[in-house]
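All remarks here apply to the structure that follows.
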There are 2 protein chains.
Amino acid sequence: MSATSLAAMLRERGLRLTPQRQLILEAVHELGHATPETVHNAVRERVAGVNITTVYRTLELLEELGLVNHTHLSHGSPTYHPAGEDQHVHLVCRSCGSIEEMDPAVLLPVCDRLRDERDFRVDVGHVSLFGVCGKCKESE
Amino acid sequence: MSATSLAAMLRERGLRLTPQRQLILEAVHELGHATPETVHNAVRERVAGVNITTVYRTLELLEELGLVNHTHLSHGSPTYHPAGEDQHVHLVCRSCGSIEEMDPAVLLPVCDRLRDERDFRVDVGHVSLFGVCGKCKESE
DNA sequence: TTCGTTGCAAACAGTTTGCATGCGG
DNA sequence: CCGCATGCAAACTGTTTGCAACGAA
(Lines give C-alpha, C1' and ligand atoms only; values in the text may rest on other atoms or scores of the structure.)
Protein backbone atom coordinates (compact mmCIF):
# COMPACT_ATOMS: atom_id res chain seq x y z
CA MET A 1 0.00 0.00 0.00
CA SER A 2 1.73 3.15 -1.20
CA ALA A 3 1.05 6.54 0.29
CA THR A 4 -0.50 7.72 -2.94
CA SER A 5 -2.98 4.88 -3.24
CA LEU A 6 -3.88 5.25 0.40
CA ALA A 7 -4.46 8.91 -0.31
CA ALA A 8 -6.72 7.98 -3.21
CA MET A 9 -8.78 5.60 -1.09
CA LEU A 10 -9.22 8.25 1.53
CA ARG A 11 -10.10 10.96 -0.97
CA GLU A 12 -12.82 8.77 -2.42
CA ARG A 13 -14.54 9.11 0.89
CA GLY A 14 -13.73 12.74 1.33
CA LEU A 15 -11.02 11.96 3.85
CA ARG A 16 -7.46 13.16 4.05
CA LEU A 17 -4.13 11.44 4.14
CA THR A 18 -2.40 12.62 7.27
CA PRO A 19 1.05 11.73 8.56
CA GLN A 20 -0.58 9.90 11.43
CA ARG A 21 -2.63 7.68 9.17
CA GLN A 22 0.28 6.88 6.94
CA LEU A 23 2.56 6.07 9.86
CA ILE A 24 -0.02 3.93 11.59
CA LEU A 25 -0.62 1.87 8.47
CA GLU A 26 3.12 1.46 8.00
CA ALA A 27 3.48 0.37 11.60
CA VAL A 28 0.84 -2.33 11.17
CA HIS A 29 2.74 -3.64 8.17
CA GLU A 30 6.05 -3.61 9.99
CA LEU A 31 4.74 -5.18 13.15
CA GLY A 32 2.63 -7.93 11.67
CA HIS A 33 0.53 -8.57 14.75
CA ALA A 34 0.17 -5.54 16.87
CA THR A 35 -2.11 -4.26 19.57
CA PRO A 36 -3.21 -0.64 19.46
CA GLU A 37 -0.71 0.12 22.16
CA THR A 38 2.13 -1.55 20.28
CA VAL A 39 1.24 0.43 17.19
CA HIS A 40 1.16 3.55 19.29
CA ASN A 41 4.64 2.92 20.62
CA ALA A 42 6.00 2.12 17.17
CA VAL A 43 4.59 5.32 15.73
CA ARG A 44 5.94 7.38 18.58
CA GLU A 45 9.42 6.11 17.92
CA ARG A 46 9.24 7.97 14.67
CA VAL A 47 7.28 11.06 15.58
CA ALA A 48 6.30 12.47 18.91
CA GLY A 49 2.87 13.53 19.95
CA VAL A 50 0.66 10.99 18.25
CA ASN A 51 -2.20 10.26 20.57
CA ILE A 52 -3.45 6.81 21.46
CA THR A 53 -6.94 8.01 20.62
CA THR A 54 -5.83 8.67 17.07
CA VAL A 55 -4.38 5.19 16.86
CA TYR A 56 -7.71 3.65 17.83
CA ARG A 57 -9.66 5.84 15.44
CA THR A 58 -7.24 5.24 12.60
CA LEU A 59 -7.15 1.47 13.05
CA GLU A 60 -10.92 1.46 12.91
CA LEU A 61 -10.82 3.57 9.77
CA LEU A 62 -8.19 1.40 8.11
CA GLU A 63 -10.31 -1.62 8.85
CA GLU A 64 -13.33 0.01 7.22
CA LEU A 65 -11.17 0.65 4.20
CA GLY A 66 -10.25 -3.01 4.17
CA LEU A 67 -6.57 -2.31 4.71
CA VAL A 68 -6.18 -4.04 8.03
CA ASN A 69 -8.00 -6.71 9.99
CA HIS A 70 -8.14 -7.39 13.65
CA THR A 71 -8.41 -10.55 15.67
CA HIS A 72 -9.02 -11.22 19.30
CA LEU A 73 -6.25 -13.35 20.72
CA SER A 74 -7.37 -14.58 24.09
CA HIS A 75 -7.91 -11.75 26.50
CA GLY A 76 -6.96 -8.13 26.42
CA SER A 77 -6.24 -6.05 23.40
CA PRO A 78 -7.08 -7.11 19.88
CA THR A 79 -4.22 -7.42 17.40
CA TYR A 80 -4.22 -5.79 14.01
CA HIS A 81 -2.52 -7.04 10.92
CA PRO A 82 -2.43 -5.99 7.28
CA ALA A 83 -5.26 -7.19 5.11
CA GLY A 84 -4.69 -8.13 1.51
CA GLU A 85 -2.05 -10.54 2.66
CA ASP A 86 -3.14 -14.11 2.60
CA GLN A 87 -5.67 -14.75 5.26
CA HIS A 88 -4.31 -16.83 8.05
CA VAL A 89 -5.29 -18.67 11.15
CA HIS A 90 -3.47 -17.81 14.34
CA LEU A 91 -1.89 -20.42 16.54
CA VAL A 92 -1.56 -18.84 19.94
CA CYS A 93 0.58 -20.49 22.59
CA ARG A 94 -1.03 -20.05 25.96
CA SER A 95 2.30 -20.67 27.64
CA CYS A 96 4.70 -18.28 25.93
CA GLY A 97 2.23 -16.11 24.04
CA SER A 98 3.87 -16.69 20.68
CA ILE A 99 1.74 -16.33 17.58
CA GLU A 100 2.28 -18.52 14.56
CA GLU A 101 0.37 -18.31 11.35
CA MET A 102 -1.23 -21.09 9.42
CA ASP A 103 -2.85 -21.55 6.06
CA PRO A 104 -6.62 -21.49 6.63
CA ALA A 105 -7.00 -24.13 3.96
CA VAL A 106 -6.61 -26.79 6.62
CA LEU A 107 -9.89 -25.59 8.06
CA LEU A 108 -11.85 -25.83 4.84
CA PRO A 109 -13.18 -29.34 5.46
CA VAL A 110 -14.47 -28.20 8.82
CA CYS A 111 -15.97 -25.05 7.34
CA ASP A 112 -17.71 -26.99 4.61
CA ARG A 113 -19.16 -29.34 7.11
CA LEU A 114 -20.43 -26.53 9.31
CA ARG A 115 -22.01 -24.84 6.34
CA ASP A 116 -23.79 -28.02 5.26
CA GLU A 117 -24.77 -29.37 8.63
CA ARG A 118 -25.26 -26.25 10.72
CA ASP A 119 -25.83 -23.57 8.12
CA PHE A 120 -23.00 -21.60 9.70
CA ARG A 121 -20.46 -19.69 7.58
CA VAL A 122 -17.14 -19.53 9.33
CA ASP A 123 -14.99 -16.47 8.87
CA VAL A 124 -11.68 -18.26 8.31
CA GLY A 125 -9.74 -15.02 8.40
CA HIS A 126 -10.70 -14.53 12.00
CA VAL A 127 -9.80 -17.83 13.63
CA SER A 128 -7.44 -18.28 16.54
CA LEU A 129 -6.55 -21.66 17.93
CA PHE A 130 -5.15 -21.81 21.42
CA GLY A 131 -2.82 -24.44 22.67
CA VAL A 132 0.79 -25.15 23.49
CA CYS A 133 3.64 -24.81 21.04
CA GLY A 134 6.38 -27.39 20.65
CA LYS A 135 8.94 -25.35 22.53
CA CYS A 136 6.77 -24.99 25.61
CA LYS A 137 5.68 -28.60 25.43
CA GLU A 138 9.30 -29.71 25.84
CA SER A 139 9.95 -27.62 28.88
CA GLU A 140 6.86 -28.77 30.74
CA MET B 1 -21.61 -31.29 41.27
CA SER B 2 -23.31 -31.65 44.61
CA ALA B 3 -22.75 -29.28 47.47
CA THR B 4 -21.10 -31.99 49.52
CA SER B 5 -18.58 -32.97 46.88
CA LEU B 6 -17.83 -29.33 46.23
CA ALA B 7 -17.27 -28.98 49.94
CA ALA B 8 -14.91 -31.95 49.86
CA MET B 9 -12.88 -30.49 47.01
CA LEU B 10 -12.58 -27.22 48.84
CA ARG B 11 -11.64 -28.84 52.12
CA GLU B 12 -8.87 -30.74 50.43
CA ARG B 13 -7.26 -27.39 49.84
CA GLY B 14 -8.11 -25.98 53.21
CA LEU B 15 -10.91 -23.89 51.78
CA ARG B 16 -14.49 -23.47 52.83
CA LEU B 17 -17.79 -23.98 51.16
CA THR B 18 -19.64 -20.73 51.40
CA PRO B 19 -23.13 -19.86 50.17
CA GLN B 20 -21.56 -17.55 47.60
CA ARG B 21 -19.39 -20.28 46.13
CA GLN B 22 -22.21 -22.73 45.96
CA LEU B 23 -24.58 -20.24 44.35
CA ILE B 24 -22.02 -19.07 41.84
CA LEU B 25 -21.28 -22.60 40.72
CA GLU B 26 -24.99 -23.30 40.42
CA ALA B 27 -25.47 -20.16 38.38
CA VAL B 28 -22.78 -21.22 35.93
CA HIS B 29 -24.55 -24.52 35.48
CA GLU B 30 -27.91 -22.89 34.98
CA LEU B 31 -26.71 -20.23 32.60
CA GLY B 32 -24.53 -22.33 30.36
CA HIS B 33 -22.51 -19.46 28.92
CA ALA B 34 -22.25 -16.57 31.25
CA THR B 35 -20.08 -13.55 31.76
CA PRO B 36 -19.03 -12.63 35.28
CA GLU B 37 -21.63 -9.91 35.24
CA THR B 38 -24.38 -12.30 34.14
CA VAL B 39 -23.42 -14.69 36.91
CA HIS B 40 -23.45 -11.82 39.34
CA ASN B 41 -26.97 -10.84 38.34
CA ALA B 42 -28.19 -14.42 38.51
CA VAL B 43 -26.78 -14.88 41.97
CA ARG B 44 -28.24 -11.63 43.20
CA GLU B 45 -31.69 -12.72 42.15
CA ARG B 46 -31.40 -15.35 44.83
CA VAL B 47 -29.52 -13.53 47.53
CA ALA B 48 -28.70 -9.90 47.96
CA GLY B 49 -25.31 -8.48 48.73
CA VAL B 50 -23.01 -10.74 46.77
CA ASN B 51 -20.21 -8.63 45.46
CA ILE B 52 -18.95 -8.68 41.88
CA THR B 53 -15.45 -9.03 43.30
CA THR B 54 -16.47 -12.28 44.91
CA VAL B 55 -17.86 -13.50 41.61
CA TYR B 56 -14.54 -12.89 39.91
CA ARG B 57 -12.56 -14.49 42.69
CA THR B 58 -14.87 -17.48 42.86
CA LEU B 59 -14.93 -18.07 39.13
CA GLU B 60 -11.15 -18.08 39.17
CA LEU B 61 -11.19 -20.52 42.06
CA LEU B 62 -13.72 -22.80 40.41
CA GLU B 63 -11.59 -22.83 37.31
CA GLU B 64 -8.55 -23.85 39.36
CA LEU B 65 -10.61 -26.67 40.79
CA GLY B 66 -11.48 -27.71 37.26
CA LEU B 67 -15.17 -27.13 37.76
CA VAL B 68 -15.64 -24.43 35.17
CA ASN B 69 -13.86 -23.21 32.08
CA HIS B 70 -13.83 -19.89 30.41
CA THR B 71 -13.57 -18.82 26.81
CA HIS B 72 -13.06 -15.49 25.14
CA LEU B 73 -15.80 -14.83 22.67
CA SER B 74 -14.71 -11.89 20.55
CA HIS B 75 -14.27 -8.80 22.64
CA GLY B 76 -15.41 -7.86 26.11
CA SER B 77 -16.06 -10.23 28.95
CA PRO B 78 -15.08 -13.86 28.96
CA THR B 79 -17.84 -16.42 29.30
CA TYR B 80 -17.77 -19.24 31.81
CA HIS B 81 -19.35 -22.62 31.46
CA PRO B 82 -19.33 -25.81 33.48
CA ALA B 83 -16.42 -28.14 32.92
CA GLY B 84 -16.86 -31.87 33.00
CA GLU B 85 -19.55 -31.54 30.41
CA ASP B 86 -18.47 -32.55 26.99
CA GLN B 87 -16.00 -30.09 25.66
CA HIS B 88 -17.39 -28.04 22.85
CA VAL B 89 -16.42 -25.57 20.23
CA HIS B 90 -18.32 -22.30 20.12
CA LEU B 91 -19.88 -20.99 16.95
CA VAL B 92 -20.30 -17.29 17.48
CA CYS B 93 -22.45 -15.29 15.09
CA ARG B 94 -20.91 -11.90 14.57
CA SER B 95 -24.23 -10.54 13.44
CA CYS B 96 -26.65 -11.54 16.18
CA GLY B 97 -24.20 -12.66 18.85
CA SER B 98 -25.78 -16.08 19.24
CA ILE B 99 -23.61 -18.89 20.54
CA GLU B 100 -24.05 -22.44 19.31
CA GLU B 101 -22.07 -25.40 20.43
CA MET B 102 -20.39 -28.01 18.35
CA ASP B 103 -18.72 -31.32 18.88
CA PRO B 104 -14.97 -30.68 18.85
CA ALA B 105 -14.50 -33.99 17.08
CA VAL B 106 -14.87 -32.23 13.75
CA LEU B 107 -11.64 -30.43 14.54
CA LEU B 108 -9.64 -33.54 15.28
CA PRO B 109 -8.23 -33.93 11.75
CA VAL B 110 -7.02 -30.36 11.91
CA CYS B 111 -5.57 -30.86 15.37
CA ASP B 112 -3.75 -34.00 14.32
CA ARG B 113 -2.30 -32.23 11.36
CA LEU B 114 -1.12 -29.30 13.47
CA ARG B 115 0.49 -31.63 15.96
CA ASP B 116 2.34 -33.54 13.24
CA GLU B 117 3.31 -30.67 10.99
CA ARG B 118 3.71 -27.77 13.38
CA ASP B 119 4.24 -29.48 16.72
CA PHE B 120 1.34 -27.46 18.10
CA ARG B 121 -1.21 -28.99 20.53
CA VAL B 122 -4.55 -27.35 20.10
CA ASP B 123 -6.77 -26.94 23.12
CA VAL B 124 -10.03 -28.03 21.52
CA GLY B 125 -12.02 -27.07 24.55
CA HIS B 126 -11.12 -23.45 24.01
CA VAL B 127 -11.98 -22.85 20.38
CA SER B 128 -14.37 -20.24 19.09
CA LEU B 129 -15.22 -19.91 15.44
CA PHE B 130 -16.68 -16.64 14.28
CA GLY B 131 -18.97 -16.26 11.36
CA VAL B 132 -22.57 -15.78 10.37
CA CYS B 133 -25.40 -18.07 11.36
CA GLY B 134 -28.06 -19.25 8.95
CA LYS B 135 -30.70 -16.92 10.31
CA CYS B 136 -28.58 -13.83 9.81
CA LYS B 137 -27.41 -15.03 6.41
CA GLU B 138 -31.00 -15.06 5.19
CA SER B 139 -31.77 -11.55 6.32
CA GLU B 140 -28.70 -10.04 4.71
C1' DT C 1 -14.71 29.53 5.64
C1' DT C 2 -15.69 24.93 5.90
C1' DC C 3 -15.02 20.62 7.56
C1' DG C 4 -12.08 16.74 8.42
C1' DT C 5 -8.62 15.63 11.91
C1' DT C 6 -6.34 15.81 16.07
C1' DG C 7 -5.19 16.00 21.08
C1' DC C 8 -6.69 16.31 25.55
C1' DA C 9 -9.48 15.17 29.25
C1' DA C 10 -13.04 12.78 30.94
C1' DA C 11 -16.15 8.99 30.86
C1' DC C 12 -16.63 4.21 30.63
C1' DA C 13 -16.38 -1.08 31.03
C1' DG C 14 -14.14 -4.84 32.81
C1' DT C 15 -11.01 -6.50 36.15
C1' DT C 16 -7.81 -6.60 40.05
C1' DT C 17 -5.92 -5.33 44.54
C1' DG C 18 -5.50 -3.65 49.44
C1' DC C 19 -7.49 -3.53 53.60
C1' DA C 20 -10.49 -4.01 57.47
C1' DT C 21 -14.23 -6.74 59.09
C1' DG C 22 -16.31 -11.02 60.11
C1' DC C 23 -17.24 -15.75 60.69
C1' DG C 24 -16.15 -20.78 60.94
C1' DG C 25 -13.29 -24.34 62.74
C1' DC D 1 -7.66 -17.38 68.40
C1' DC D 2 -6.26 -18.16 63.54
C1' DG D 3 -6.97 -17.75 59.01
C1' DC D 4 -10.08 -18.06 55.17
C1' DA D 5 -13.65 -15.27 52.89
C1' DT D 6 -16.09 -11.21 51.96
C1' DG D 7 -17.34 -6.41 50.86
C1' DC D 8 -15.97 -1.99 49.86
C1' DA D 9 -13.30 1.34 47.74
C1' DA D 10 -9.78 2.44 44.94
C1' DA D 11 -6.53 1.48 41.37
C1' DC D 12 -5.81 -0.06 36.81
C1' DT D 13 -6.15 -1.38 31.77
C1' DG D 14 -8.19 -0.90 27.53
C1' DT D 15 -11.40 1.77 24.90
C1' DT D 16 -14.66 5.45 23.62
C1' DT D 17 -16.60 10.07 23.48
C1' DG D 18 -17.10 15.25 23.76
C1' DC D 19 -15.09 19.31 22.68
C1' DA D 20 -12.17 22.95 21.29
C1' DA D 21 -8.42 24.04 18.27
C1' DC D 22 -5.91 23.41 14.14
C1' DG D 23 -5.14 23.23 9.25
C1' DA D 24 -5.85 21.85 4.39
C1' DA D 25 -8.86 22.59 0.36
Side-chain angles (χ1 to χ4, degrees), chain A residues 3-4 6-25 27-28 33-44 46-65 67-68 70-80 97, chain B residues 3-4 6-25 27-28 33-44 46-65 67-68 70-80 97:
Chain A
T4 56
L6 173 55
M9 296 187 65
L10 290 167
R11 267 200 307 274
E12 269 179 30
R13 304 185 30 161
L15 305 175
R16 299 178 192 148
L17 175 58
T18 62
Q20 286 91 332
R21 289 179 175 166
Q22 190 179 334
L23 289 167
I24 288 169
L25 180 57
V28 171
H33 292 92
T35 63
E37 198 191 343
T38 311
V39 172
H40 186 211
N41 290 333
V43 170
R44 280 197 299 186
R46 304 270 231 89
V47 295
V50 177
N51 196 280
I52 184 71
T53 306
T54 301
V55 174
Y56 276 102
R57 286 196 278 231
T58 300
L59 288 172
E60 191 184 347
L61 174 63
L62 293 175
E63 189 152 36
E64 275 176 36
L65 295 176
L67 298 176
V68 305
H70 82 276
T71 315
H72 294 277
L73 306 178
S74 71
H75 61 291
S77 310
T79 71
Y80 286 79
Chain B
T4 54
L6 173 56
M9 295 187 66
L10 289 167
R11 266 201 306 275
E12 269 180 30
R13 305 183 32 157
L15 305 175
R16 297 176 192 151
L17 176 59
T18 62
Q20 286 93 331
R21 288 178 176 168
Q22 190 179 333
L23 289 167
I24 288 169
L25 179 57
V28 172
H33 291 92
T35 63
E37 198 191 343
T38 310
V39 172
H40 185 211
N41 290 332
V43 171
R44 281 197 298 185
R46 304 272 230 88
V47 296
V50 177
N51 196 282
I52 183 70
T53 305
T54 302
V55 174
Y56 277 102
R57 284 195 277 230
T58 301
L59 287 173
E60 190 185 347
L61 174 63
L62 293 176
E63 189 152 36
E64 274 175 38
L65 294 176
L67 297 177
V68 305
H70 82 277
T71 315
H72 293 277
L73 304 179
S74 70
H75 58 293
S77 310
T79 70
Y80 286 79

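Labels below follow one simple rule: chain letters A, B, ... track the order of the sequence lines, proteins then strands, and each chain is numbered from 1. Reckoned from all heavy atoms, side chains included, excluding hydrogens, waters and symmetry mates.
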Side chain of B:Thr54 - closest among D:dT6, C:dG22, D:dT15: D:dT6
Considering all heavy atoms, the nearest A:Ala34-A:Val39 contact: CB-CG2, 3.6 Å
Once you round it to whole Å, what is the distance between P of D:dA24 and CG of A:Leu10? 16 Å
Side-chain contact check for B:Arg16: nearest option of C:dT6, C:dT5, D:dG3 is D:dG3
Is there a donor-acceptor pair closer than 3.5 Å between any side-chain N or O of A:Gln20 and the backbone N or O of A:Thr54? no
May I have the distance from B:Leu61 (atom CG) to D:dC4 (atom C1'), rounded to whole angstrom? 11 Å
If you round to the nearest 0.5 Å, how far is CG of B:Leu65 from CZ of B:Arg13? 5.0 Å
Between atom CD in A:Glu60 and atom C1' in C:dT6, what is the gap in whole Å? 15 Å
Using a cut-off of less than 4.0 Å, is there contact between a side-chain N or O of A:Gln20 and OP1 or OP2 of C:dT6? yes
For the student: nearest non-hydrogen atoms of A:Ile52 and A:Pro36, plus distance: CD1-O, 4.0 Å
Between C1' on C:dT5 and CG on A:Leu25, what's the gap in Å once rounded to a whole number? 17 Å
Ring pair (Phe, Tyr, Trp, His ring centres under 6.0 Å) partners for A:His40, two or more places apart: none
Length of the CG-P vector between A:Leu23 and C:dG7, whole Å: 11 Å
For A:Ile52 and D:dT15, give me the distance from atom CD1 to atom P, rounded to whole Å. 8 Å
For nucleotides 8-13 of chain C, print each protein N/O atom paired with a nucleotide N/O atom at under 3.5 Å, atom names and distance only.
| unit_1 | atom_1 | unit_2 | atom_2 | d |
| --- | --- | --- | --- | --- |
| C:dC8 | OP2 | A:Asn51 | ND2 | 3.4 |

Within this structure, what is the CZ-CG distance for the pair A:Arg21 and A:Leu6, rounded to the nearest 0.5 Å? 9.0 Å
Take atom CG of B:Leu59 and atom P of D:dT6, then tell me their distance rounded to the nearest Å. 12 Å
Looking at CD1 of B:Ile24 and CD of B:Gln22, how far apart are the two atoms once the value is rounded to the nearest 0.5 Å? 11.0 Å
Please state how far atom OH in B:Tyr56 lies from atom P in D:dA5, giving the value in whole angstrom units. 20 Å
